[in-house]
Structures are given as C-alpha cells and as structure tokens.
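Keep in mind that the numbers below use all heavy atoms, side chains included, and drop hydrogens, waters and symmetry copies. In the text below, chain A, chain B and the rest are named by the order of the sequence lines, each starting its count at 1.
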Amino acid sequence: MSPVRVRFAPSPTGFFHIGSARTALFNWLYARHTGGIFVLRIEDTDKERNGEQFLNVIYESLRWLGLNWDEGPGVGGEYGPYRQSERTAIYREYLEKLRAAGRTYEKDGATWFKLLGERSEVFDAHRQRTVTKVQVAPTVIDDLIRGRVERVEDEDFVIVRSDGSPVFHFVNVVDDIAMRITHVIRGEDHLSNTSKHVELFKALGAPVPQFAHIPLILKQHGPGKMSKRDQGALVEEYQGRGYLPAALVNFLCLLGWNPGADREKLPLEDVIRQFDLPGVNQSNARFDDKKLAHMNMLYLLEQPADRFVALGRDYFQRHAPGAPALQAEPGYFREVLLLSQPKIKGLEELPAYTRYLFSDDYPVDAKVQEKVLAKGDPQARLRELIAALPGWDFSSDAAIEEALKALAASRQLGFGDYQAVARLAVSGTNVGPSLTSLFRVLGRDRVRSRLERLLAPA
RNA sequence: GUCCCCAUCGUCUAGCCCGGUCAGGACACCACCCUUUCACGGUGAGAACCGGGGUUCGAAUCCCCGUGGGGACGCCA
C-alpha cells in the first residue's frame with residue numbers, strides 16, 4: 001500500500017473561509033492519522049481574481065490553526081512547484097498527451113476536452129441554447145464518505161481558455177496526478193465536478209484517486225451554504241476576536257465528525273488517532289457560534305496562568321493599544337487577569353470587564369445603580385464601610401472577608417448587605433470577581449475614594 | 001429546468017451498516033442547587049426519528065415514492 005498523499009488546494013482570493021479551514025483540517029487529520037503527506041497547493045490559475053498579497057492570508061490562517069504542510073510553498077518537496085501559476089510547462093506536457101490521444105479539439109479559440117460517444121444536438125431550456133450531448137457510460141465514483149455515486153458527464157468542456165490559460169478541472173487533475181495524490185478530500189460542492197475529473201484521469205491513463213466529499217457548512221441563519229460575506233465566516237475573524245485556535249479546531253472537528261463516547265472536547269492527538277474518512281457525516285451542518293464560544297471558554301479556562309496573561313496582553317495590544325491596562329504594573333496586570341480568567345467567556349470581554357481595575361474613569365451602569373440604591377439603606381452601609389476601612393488588614397482576601405464579616409455582624413447584618421452597594425461603588429456594575437478580591441487588588445485608598453464618591457455624588 | 005447529495009431535539013450529533021435500547025450526549029433555553037454579584041460547576045425539565053407506502057412478529061434502522069434541504073450545471077475555483 002502506497003503512502004497516503006492528500007492535498008489542500010485553496011485559491012488565493014483574499015479570504016480564508018471557515019469551510020476551507022475544515023477541508024484543510026480534515027485533509028491534515030487524515031494525513032496525520034495515516035502517517036501520510038499533507039500537501040499545500042495554491043490554485044491561482046484565475047489571473048483576474050487572484051492576488052499575490054492574498055497568499056499570506058492562506059499561510060497565516062493555516063499556521064494559526066496549526067495545520068502545517070509537509071510539501072508546498074515555503075517547505076518545498078519533490079513534486080513542486082506548488083503554485084499552479086508556476087506549473088505551465090507541466091500543464092502543456094499533459095495537454096500534449098491528451099492532444100496526441102485525440103481527446104481535444106479547438107473551438108472559439110479555446111481547447112475542449114472530447115468525451116467519447118455518440119453525439120447529438122439538444123436544446124437546453126434552462127440555458128436557452130443548443131448544446132452537444134455525448135452518449136457516455138455513467139462515471140462511477142466510490143466515495144469514501146458517500147459510497148457509490150453515479151453521474152453522467154455528457155458534455156465536452158473547456159480545459160484551456162482562449163487566452164491560453166488552463167482551467168481548474170484540468171490543472172486540478174494534472175496536479176493530482178503529478179503530485180501522486182492518493183485521496184482527494186474536498187467539499188461536497190465538488191461532487192458534481194468529479195465526473196469531469198474522473199474522465200480526465202482516465203483519458204490521461206492515470207489511476208483515479210480515492211474521493212471523499214465532506215458535507216458543507218450551512219450559514220447560521222437563513223438558507224444556503226456559508227459564504228464569505230456571512231457573519232463569522234472568516235477564520236481571521238476568530239483570530240482577531242481572540243479565539244484560541246485549539247478551540248476552533250476542536251469545534252470544526254465536531255462539524256461532520258465525532259469521536260463517539262459522548263466526548264466533545266478532546267485533544268488533537270486523540271482526534272488524530274480516531275479520525276477516519278468513513279466516520280465523516282454525509283449531511284450538511286449548520287454553523288453554531290454559541291457552541292464555538294462555549295468551546296472557546298472551555299479552552300480559555302484551562303490555560304496556564306502565564307499563558308492566559310500573555311493572551312490577554314496580546315489582546316489588549318491588538319484591540320486597545322492605548323488602554324490603561326497596558327500601562328499597569330505587570331504584577332498588577334497579571335493579578336487582574338487571573339481574577340478574570342475563570343469569569344469571562346472570551347478574551348473579547350476583557351477590556352470592559354477589567355476597565356475599572358485599571359482606571360478611575362469607568363462607566364457606571366445606571367440601571368444597576370438605581371436598583372442597588374433603592375434597596376435597604378445603602379448610604380448607611382457606605383458610611384459604615386468608610387469608617388471601618390482604616391482598621392482593616394488588606395493583605396489577603398481572607399483578611400478582608402473576615403473584617404467585612406465582623407463589621408456586618410456588629411450591625412446584625414450579613415456580608416450580602418454590603419456586597420451589592422460596595423461592588424457598585426468600586427466597579428460601577430453588579431458583575432465581576434469576588435468583592436474581597438476587588439478590595440484587595442484596588443487597595444484601601446482607591447476603595448475608600450470610590451465609596452465616598454458614591455456616598456456623595458458630585 | 002436537468003443531474004447529484006442529504007434527512008434523529010431549535011443547533012451539532014450518538015444510534016442506522018449487523019432491525020427488538022425509557023432514542024443517548026453537547027450547545028442554547030427554563031427551573032432548582034452551590035454562592036458574595038456574575039460566571040463556572042451540579043441536578044432536573046421541556047425538546048427529535050419529515051410524510052406515505054412496503055418488507056417483517058417487530059422499522060429511527062432495510063426498500064420505494066413523495067416532500068423538504070443542499071450542491072452542481074462558467075473560457076470561476
């Protein structure tokens with residue numbers, strides 16, 4: 001059995017779609033599972049739409065996701081070059097083979113692939129024109145995911161444009177032959193193209209690779225497959241929003257594949273071990289960003305402290321470079337971030353969640369304020385706190401908690417009677433880390449001035 | 001329109017291949033518990049086999065038809 005060789009063949013359009021990411025991932029997983037080779041090939045035959053600067057989008061997205069390629073741009077390999085725009089000599093060579101075999105003809109300045117069989121002219125109502133139909137035996141595809149699929153390819157098709165450039169169907173097949181690709185794993189939108197491809201493989205006398213057509217990702221709302229214009233369709237978007245690549249990868253694995261045993265969050269090594277093509281679903285999947293967000297939270301929660309702090313700093317630097325947080329003393333920054341780690345769902349929440357800990361200029365939630373001040377005797381509680389504060393030991397959460405509980409007990413009250421108003425005073429909101437931690441981190445002076453500020457609004 | 005693919009909770013899915021389970025899990029939603037707010041976590045509730053025929057003692061599971069969804073029908077990839 002020859003070693004598995006799979007390829008991911010994106011075209012540089014300037015976007016890296018979430019569906020492309022999954023196709024890349026499934027190819028990569030299959031290569032890793034089988035100990036095979038993962039090839040990256042750039043399909044840049046469309047001169048009109050492809051741009052040099054767009055290549056980096058592909059490279060960076062793949063790298064961010066951790067999908068390293070064994071052969072391709074930047075790493076080389078014995079079947080290069082790996083950009084189609086640099087392989088014209090190879091295409092010409094294969095075109096010659098077809099020509100010599102009498103399988104091509106020229107029409108309208110373009111080169112067409114000739115199907116073998118009886119021909120007849122038929123009026124196509126949908127396309128509103130006459131087409132030449134060829135009577136050919138159905139192409140049979142033994143798809144690893146879908147099983148046996150039969151389709152009749154009954155019209156000749158263009159393989160080289162009138163400007164001399166080869167089209168997708170042709171270069172795709174030629175490259176798969178030349179690069180010794182054994183398994184073609186791609187989106188289901190290519191299933192109908194496969195009959196064309198199989199005809200080409202046969203005409204070129206090459207072995208037909210195994211095909212595996214994976215289901216498509218449907219847009220979250222509304223009909224149709226996800227397109228690059230949809231919210232959340234681009235990998236860069238998640239990268240920008242501070243999602244962890246491991247979370248996105250884990251989530252993507254679950255779209256169309258599952259490890260069984262009611263397990264969902266699992267390390268990549270386990271996925272690699274268990275992943276196989278026959279285990280991939282046949283039905284399309286709707287993208288669910290809520291579940292992705294949940295997965296991301298799970299991963300965020302388990303990040304080691306140093307790592308989480310670094311991720312947070314990076315997020316601030318990219319999204320709020322002028323934020324006071326970045327001016328904070330590193331030890332303080334770390335403390336605040338570690339207080340936030342178990343509380344937030346995503347890095348995106350960080351700036352707003354921690355703002356009052358880095359600056360005295362922070363918003364106060366009017367609704368919360370109204371509610372808190374309407375209940376009990378908040379003014380009295382504030383006065384008691386301010387009076388008691390000087391005698392408190394601020395060295396630890398436990399010490400602060402003890403002091404606060406003692407204060408409450410002395411007035412026949414409980415911790416809860418101070419909690420809401422004190423939190424409002426120091427943070428302007430009703431959510432956040434534990435109150436005692438907030439007190440300790442902010443320090444006695446800032447706590448006092450904020451309590452006083454709420455007691456006597458300017 | 002033609003061709004191809006698909007069909008289990010709102011969503012992702014297990015179960016289907018090798019018919020017999022209270023149709024299981026996760027996200028979301030709701031309730032309760034935990035609790036110092038908020039999250040996390042825990043417990044529980046509601047929630048699905050698209051419809052119709054067949055085959056069979058028995059069908060989510062096998063077959064057919066319908067319906068619905070998706071895709072392809074380019075000198076795009």
Student: Looking only at side-chain N and O atoms, does A:N281 come under 4.0 Å of OP1 or OP2 in B:A14?
Tutor: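 Looking at the OP1 and OP2 atoms of B:A14, one of them is under 4.0 Å from a side-chain N or O of A:N281.
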Student: Does A:R423 reach a base, just sugar-phosphate, or nothing at all? Heavy atoms under 4.0 Å.
Tutor: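 A:R423: base contact, heavy atoms under 4.0 Å.
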Student: Expressed in angstrom and rounded to an integer, what is the separation of A:L218 atom CG from B:G71 atom P?
Tutor: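 After rounding, the reported distance stands at 7 Å.
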Student: Could you tell me whether A:S434 contacts a base, only the sugar-phosphate backbone, or nothing, with contacts defined as non-hydrogen atoms closer than 4.0 Å?
Tutor: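 Result for A:S434 = base.
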Student: With a 4.0 Å cut-off on heavy atoms, is A:K345 in touch with a base, just the backbone sugar-phosphate, or nothing at all?
Tutor: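 Counting heavy atoms under 4.0 Å across all strands, the contact made by A:K345 is with sugar-phosphate only.
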Student: When you check the phosphate oxygens OP1 and OP2 of B:A14, does a side-chain N or O of A:N258 lie under 4.0 Å from one of them?
Tutor: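 So the side-chain polar atoms of A:N258 do come within 4.0 Å of the phosphate oxygens OP1 or OP2 of B:A14, strictly under.
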Student: Which value, in whole Å, describes the distance between the P atoms of nucleotides B:U61 and B:C6?
Tutor: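 Taking atom P in both B:U61 and B:C6, they lie 16 Å apart.
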Student: Looking at B:G20, which nucleotide sits across from it as a Watson-Crick or G-U wobble partner, both distances under 3.5 angstrom, or is there none?
Tutor: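 Here B:G20 is engaged in a pair, and the nucleotide opposite it is B:C57.
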Student: Does A:K225 put a side-chain nitrogen or oxygen below 4.0 Å from OP1 or OP2 of B:A72?
Tutor: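 Yes, because at least one side-chain N or O of A:K225 sits under 4.0 Å from OP1 or OP2 of B:A72.
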Student: Rounded to the nearest Å, what distance is computed from the CG atom of residue A:L301 to the P atom of nucleotide B:G41?
Tutor: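 Answer to the nearest Å: 8 Å.
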Student: Over all strands shown, is A:G414 touching base, sugar-phosphate only, or nothing at heavy-atom distances under 4.0 angstrom?
Tutor: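 No contact at all - A:G414 keeps every heavy atom at 4.0 Å or more from the nucleic acid.
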Student: Hey, does A:D143 reach any base, or is it just sugar-phosphate, or nothing, if we go heavy atoms under 4.0 Å?
Tutor: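 The residue A:D143 makes no contact with any strand.
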Student: Find which nucleotide of RNA chain B each of A:V167 and A:F287 is nearest to by heavy atoms, and output the residue with the more 5' nucleotide.
Tutor: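 On the 5' side of the pair lies A:F287.
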Student: Report which part of the nucleic acid A:G432 touches: base, sugar-phosphate, or nothing (heavy-atom distance under 4.0 Å, all strands).
Tutor: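 Base contact.
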Student: Where each residue is assigned the nucleotide of RNA chain B containing its nearest heavy atom, which of A:K196 and A:D124 is assigned the position nearer the 5′ end?
Tutor: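 Residue closer to the 5' terminus by nearest nucleotide: A:D124.
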Student: Is a donor-acceptor contact shorter than 3.5 angstrom present between the side chain of A:S162 and the base of B:C75?
Tutor: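 Checked by distance alone, the answer is yes.
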Student: Specify the separation, in whole Å, of atom CD of A:E188 and atom C1' of B:C6.
Tutor: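 After rounding, the gap between these two atoms is 7 Å.
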Student: Distance between the C1' atoms of B:C22 and B:C49, in whole angstroms?
Tutor: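 To the nearest whole Å, 15 Å.
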Student: Contact class for A:G224 (heavy atom, under 4.0 Å): base, sugar-phosphate, or nothing?
Tutor: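 Answer is sugar-phosphate: A:G224 comes under 4.0 Å of backbone atoms only.
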Student: Can you tell me the base-pairing partner of B:A48? Count Watson-Crick or G-U wobble geometry only, both distances below 3.5 Å, and say none if there is no partner.
Tutor: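 Result: none.
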Student: Check whether the side chain of A:K291 and the base of B:U13 form a donor-acceptor pair under 3.5 Å.
Tutor: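 Donor-acceptor pair under 3.5 Å: no.
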Student: Could you tell me whether A:E43 and A:R87 have a side-chain N and a carboxylate O separated by less than 4.0 Å?
Tutor: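 Here A:E43 does not pair with A:R87 in a salt bridge, since their nearest N and O are not under 4.0 Å apart.
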Student: Identify whether any heavy atom of A:M297 sits under 4.0 Å from a base atom; if not, whether one sits that close to sugar-phosphate; answer base, sugar-phosphate or nothing.
Tutor: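 Sugar-phosphate, no base atom in range.
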Student: So A:L435, base contact, sugar-phosphate only, or nothing? Heavy-atom distance under 4.0 Å.
Tutor: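 Base contact - A:L435 has a heavy atom under 4.0 Å of at least one base atom.
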Student: Look at the side chain of A:T436 and the base of B:U36, then say whether one donor and one acceptor between them are separated by less than 3.5 Å.
Tutor: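 Result: at least one qualifying N/O pair found.
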Student: Determine, for A:E384 against A:R381, whether the closest basic-nitrogen to carboxylate-oxygen distance falls under 4.0 angstrom.
Tutor: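 Salt bridge between A:E384 and A:R381, a charged N being under 4.0 Å from a carboxylate O: yes.
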Student: In whole angstrom, what separates A:H221's NE2 from B:G10's P?
Tutor: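 It is 16 Å, rounded to the nearest whole Å.
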Student: Quick one: the side chain of A:K290 and the base of B:C27, do they pair up donor-acceptor inside 3.5 Å?
Tutor: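 Such a pair does not exist between side chain and base.
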Student: For B:G19 versus B:A72, give the span between their C1' atoms, rounded off to a whole number of Å.
Tutor: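 Nearest-Å result for B:G19 against B:A72 at atom C1': 35 Å.
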Student: Check whether any side-chain N or O of A:Q282 sits under 4.0 Å from OP1 or OP2 of B:C6, and answer yes or no.
Tutor: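 Checking B:C6 against A:Q282, a side-chain N or O does come within under 4.0 Å of OP1 or OP2.
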Student: From CG of A:L248 over to P of B:C27, roughly how many Å is that when rounded to an integer?
Tutor: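 Taking atom P of B:C27 as the reference, CG of A:L248 is at 18 Å.
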